[in-house]
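The sequence lines fix the lettering, A, B, ..., with proteins before strands; numbering per chain opens at 1.
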Number of protein chains: 2
Amino acid sequence: MVLLLELQRATHATLHHLTAHLADLGLSPSELNALANLGARADAVATVSELGAAIGGRPTTLTGILDRLEQRGLLAREPHPRDRRTVVVRPTAEGARVAARILDAMAQLERRLTPEAVEAVSAALRELSR
Amino acid sequence: MVLLLELQRATHATLHHLTAHLADLGLSPSELNALANLGARADAVATVSELGAAIGGRPTTLTGILDRLEQRGLLAREPHPRDRRTVVVRPTAEGARVAARILDAMAQLERRLTPEAVEAVSAALRELSR
DNA sequence: TATTGTTATACTCTATAACTATA
DNA sequence: TATAGTTATAGAGTATAACAATA
């Protein structure tokens with residue numbers, strides 16, 4: 001088998017698993033991904049550019065995703081303290097709870113693998129993403 | 001880091017790499033994925049359902065993707081010899097050449113990893129896709 | 001001049017449900 | 001009755017280019 005084809009398939013399958021498991025949230029795969037990425041950060045805060053880099057999305061895509069998450073009260077846009085061109089994104093209290101739920105569901109799937117396998121896959125994925 | 005977030009990121013990054021490397025083909029990521037999956041099969045032939053399962057897409061998505069690939073002369077729809085409800089999809093001669101190019105670009109990326117790493121990742125991805 | 005984020009536009013992907021033809 | 005694939009519709013993701021505000 002070709003690894004990249006398996007990669008695409010696994011991404012589809014895990015995304016489908018997550019959206020089904022978290023269907024009551026009514027969030028799209030990209031919305032789940034964006035909120036989870038934000039929740040996984042040390043301070044749960046990022047600029048739009050940083051979040052775009054983290055999820056592999058373009059600024060134009062981010063705008064729509066963030067609009068919907070903001071409209072649902074899951075995150076807020078704030079001005080950057082030092083650069084007034086930049087927008088900082090921060091989860092609300094409810095957004096943080098939802099992010100924790102998503103990360104928990106992801107961790108549950110991850111537990112199918114041994115810690116050694118997780119580390120090996122992680123290193124390989126970083127190498128492919130270079 | 002959360003492995004599933006890295007998985008999403010790697011999928012985006014590799015897809016972006018491939019579409020840039022094969023920009024002259026003018027194919028969308030899903031079209032590349034469908035054609036490569038078809039080319040990776042032993043006989044390069046599949047039903048619409050089989051291809052949908054392979055790329056993690058719904059029948060409704062497949063219809064559009066296959067329409068465009070057919071319109072470009074890269075594949076043909078044929079009746080199934082035994083079940084007249086079923087449609088068999090087969091690359092044309094040009095489609096087979098394009099599929100080979102896509103698979104070659106994928107293999108090139110894959111060569112960044114050792115064969116052992118490829119096998120480890122492959123096993124882990126199958127486990128996550130279950 | 002260059003960068004951040006948004007808007008405008010057009011195309012592609014996705015999900016749901018309804019439909020046709022066939023089994 | 002059930003299944004394979006398509007069509008219809010609406011919402012979401014994507015790329016490109018243009019834009020305003022700021023650096």
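Here the side chains of B:L103 and A:L5 are in contact, with some heavy-atom distance below 4.5 Å.
When all heavy atoms of B:V118 and B:E110 are compared, the closest pair comes out as CG1-OE2, 3.6 Å.
Remark: C1' of D:dG5 and NE2 of B:H80 are 13 Å apart, rounded to the nearest angstrom.
Checking C:dT12, C:dG5, D:dG5 against every side-chain atom of B:S28, the shortest atom distance belongs to C:dT12. The side chain of A:V87 approaches C:dG5 more closely than any other nucleotide in the set C:dG5, D:dT22, D:dG5. The side chain of B:S30 sits closest to C:dT14 out of D:dT3, C:dT14, C:dT6.
Contacts between residues 55-65 of chain B and DNA chain D, counted as heavy-atom distances below 4.0 Å, involve B:P59, B:T60, B:T63.
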Fill in: Criterion salt bridge (Lys or Arg N to Asp or Glu O under 4.0 Å) on B:D67 and B:R72, from CA distance to verdict
CA-CA 9 Å; B:D67 281 351; B:R72 283 165 180 269; over 6 Å; no

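Look at B:R77 and you'll find a side-chain N or O under 4.0 angstrom from OP1 or OP2 of D:dT6.
Checked by atom type, the side-chain pair A:R101/A:H21 shows no donor-acceptor distance below 3.5 Å.
Nucleic acid contact for B:H12: sugar-phosphate only, since backbone atoms but no base atoms lie under 4.0 Å from a heavy atom of the residue.
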Practice prompt. Whenever both distances are under 3.5 Å in a Watson-Crick or G-U wobble pair, mark it; put DNA chain D into dot-bracket that way, with [ ] for crossing pairs and | when the partner is on another strand.
Written response: |||||||||||||||||||||||

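Residue-environment remark: NE2 (A:H16) stays at or below the threshold of 12 foreign heavy atoms within 6.0 Å.
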